[in-house]
Amino acid sequence: MIRILNKNVADKIAAGEVVERPLSIVKELVENSIDAKSSKIVLEIKDGGKSYIRVTDDGIGISQDECELAFERHATSKIENENDLNSIETLGFRGEALASIAAVSRIELLTKTLKNNIGKKVTIHGGALVESSIYGCPNGTTIVVHDLFYNTPARLKFLKSSKSESSLIIDFITQVALAYPDIKVMLINNGTILFSTNGKGNRLNTIATLTSKIHSDKLIPFEYTEECVTVEGYVSGIGESRKSRKNQIFFINGRVINSKIIEKGISKAYSERLFDGRFPICYLFLTIDPKNLDVNIHPNKREVRFFNEELITSVVKNGILSALNSEDAIPDIKKNEKTFTFREPSHIEKKADQKCDENNVDIKNILSTYNTKVQETQMIITNEKNTIYEDKTVSSFNFEELSIVGQFFNTYVQLKSEDAIYFIDQHAAHERVFYEKILKQYREEEKIKQQLMIPIIFEISHGEKELEEQWLDPLCNMGFSLEEFGQLTYRVIEIPIFFKLSEAEEFLKGYIDNIGDYKNFIHEKAINNIAMKACKSAVKANDRLSKEEIKELLKDMKNCINPFSCPHGRPTFVKITKSDMEKNFKRK
Ligand code: ADP
Ligand code: MG
């Protein structure tokens, strides 16, 4: 017999689709609060949301005569007709959430609009109205959900432990707080306030509240636009990285998404700057015209399709490079951070990276000295055909403006400016300089060489001779001229202008030693890698530098595209500011 299901059963079935777990409820309620133009949202949960979820906001509220209607299925104030479907500006519009939640829990609504003098309270248990009365409360809405799935015990069994459920909720509300820095978001878990953002719109502040000082203090802010795509970002410099991508989070038009295309842009920006297997911390907020985006390829909308994927990769990469090439990217020495006020580590850092906890310091202290100004970086568009060296930005940091203090341990060069002291690791710096010069020479038509009075002679093995076709041309392209001098011997008569004889010899040794590792020298990556290894060999350890040589090095670093790290990702220099010193000596 065919019959129409009664409302109660139909609501329970519909609820199954909307309410899967406590997180689904939190999500719907918080999104309603955002749609209600709230400037403050408090979320309180107990037992992972299984026994208690409360969302309180200071939004527009629901007028007295509509409170019961709001719990009807397909009841919404957000759209009116079919046409509205094409221009939805709210997070919700289906009008199903409140009805579904009410069907599988005991729910209480307290609400008051600005227009109404007094508010209203509505209580519903398992979809049935229990109480509806006038009630005194502030403007805004509070919804309390007790005893989720009390009337569908089978579904209760599918929930995970309270800790697992609460961790999903904490992640979600953290993302909301990040996406909406203008909203003050507070989270209370089992009676303890986990965080409360200030809602003043400053993203770095919000990140600081949600993570830890170690995290946020190390982040370099930037904003970058290319062809109508804007990315606001906070990324870690080369001194700070993680073993996984866990600390990378991307928002598109306010929604968290996963994206391989964005990850690709990040990897390109950090290539050479970080060791393989290390990942930077990245908070990226992209704004894109929704027309250039398909958000409906995945049911939970975590995946999106970009119509121009290359543009997205490029915006992310160039935006991050502008940050990494700014002065903010220079790693600070802050050894004595422990002398600051300690505070309890936040929930996220406890979860995300246990080993950072030990270094937590007072975030406000640090933020007051945080320089959020991103240096303007000069964008240079290189010939697209030249893929051998992909970075398009040039560092804006002028090394030549620093005064030289001296060199010590035959390894470090000390410099100073008005408000900071710098230490350069001369070996890492030389490696970087050689590497960039070699690759530049490689891709330029004209090679600048110097002739040797006494040629360098070097020998190779039979195996290396077999591969001659592959490695000989790239070597000549880098600015070496050589002749065969016996079956397995070569004579080098010219070397690149910027090498000393001893450096060129070591470079050649390094180059030949690594030939066997690269089967395909036509590949740009192989050339990059072998040049990187050979440059490392060319740099001498414990080398005393004259003042002239230091000046030369500074000039070379100034001309580098990425002077901040050696090709292997080690920093080339660090900075101690006057303010760091004052803190270390407890003057501040
Ligand atoms: P939807 O959000 O899809 O419209 P819901 O079932 O989530 O459907 O909510 C139904 C209606 O109740 C909303 O359209 C809105 O008018 C009202 N509402 C729900 N939550 C709030 C809130 N926190 N503040 C103001 N109005 C709310
Ligand atoms: Mg809704």
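Counting convention: from 1, in listed order, for ligands and their atoms alike.
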I'd like to know if Asp35 pairs up with Lys78 as an ion pair, taking the criterion as any Lys NZ or Arg NE/NH1/NH2 lying under 4.0 Å from an Asp or Glu carboxylate oxygen.
yes

So, are Asp147 and Arg106 salt-bridged, with charged N and O less than 4.0 Å apart?
yes

How close does the nearest protein non-hydrogen atom get to atom 7 (O) of ligand 1, and which residue and atom is it?
Asn32 ND2, 2.8 Å

Test item: Thr76 side-chain N/O and Gly95 main-chain N/O as donor-acceptor pair under 3.5 Å:
no

Do the side-chain N and O atoms of Ser164 and Ser161 include a donor-acceptor pair separated by under 3.5 angstrom?
yes

What protein heavy atom sits nearest atom 23 (N) of ligand 1, and how far off is it?
Asp57 OD2, 2.9 Å

Distance only, no hydrogens: is a donor on one side chain within 3.5 Å (strictly under) of an acceptor on the other, for Asn139 and Lys112?
yes

Distance alone, cut at 3.5 Å: any donor-acceptor contact between the side chains of Asp171 and Thr174?
no

Ligand 1 atoms nearer than 4.0 angstrom to some heavy atom of Ala70 are 10 (C), 12 (O)

Could you list the atoms of ligand 1 found under 4.0 angstrom from a heavy atom of Thr76?
1 (P), 4 (O), 14 (O)

So which heavy atom in the protein is nearest atom 6 (O) of ligand 1, and how far is it from that ligand atom?
Leu98 N, 2.9 Å

Nearest non-hydrogen protein atom to atom 26 (N) of ligand 1, with distance, is Ile62 CG1, 3.3 Å

Do any nitrogen or oxygen atoms of Ile143 lie less than 3.5 angstrom from nitrogen or oxygen atoms of ligand 1?
no

Pick one of side chain, backbone, both or neither for how Thr141 approaches ligand 1, counting any non-hydrogen atom pair under 4.0 Å.
side chain

Is it the case that the side chain of Asn6 and the backbone of Val9 share a donor-acceptor pair, with hydrogens and angles ignored and the cut-off at 3.5 Å?
yes

Does ligand 1 have an atom that lies less than 4.0 angstrom from a heavy atom of Gly59?
no

Would Glu28 count as a contact of ligand 1 if the rule is a heavy atom under 4.0 Å away?
no

Go through the side-chain N and O atoms of Glu223 and Thr230 and say whether any donor and acceptor fall under 3.5 Å apart.
no

Quick one: do the Glu303 and Ser259 side chains pair a donor with an acceptor below 3.5 Å?
no

Is it true that Lys268 and Glu263 have a side-chain N and a carboxylate O under 4.0 angstrom from each other?
no

Does a donor on one side chain sit under 3.5 Å from an acceptor on the other, for Asn116 and Thr113?
yes

Considering only the protein, which heavy-atom contact is closest to atom 8 (O) of ligand 1, and what is its distance?
Gly95 CA, 3.2 Å

Can you tell which of Cys67, Ala36, Gly61, Ala75 gets a heavy atom nearest to atom 10 (C) of ligand 1?
Ala75

Validate the cation-pi geometry between Arg21 and Phe158: distance from NZ or CZ to the six-membered ring centre under 6.0 Å, angle to the ring axis within 45°.
no

The Mg ion (ligand 2): protein N, O or S atoms that are less than 2.8 Å away, sorted by chain:
Asn32 OD1

Is Ser77 close to ligand 1, meaning an N/O of one under 3.5 Å from an N/O of the other?
yes

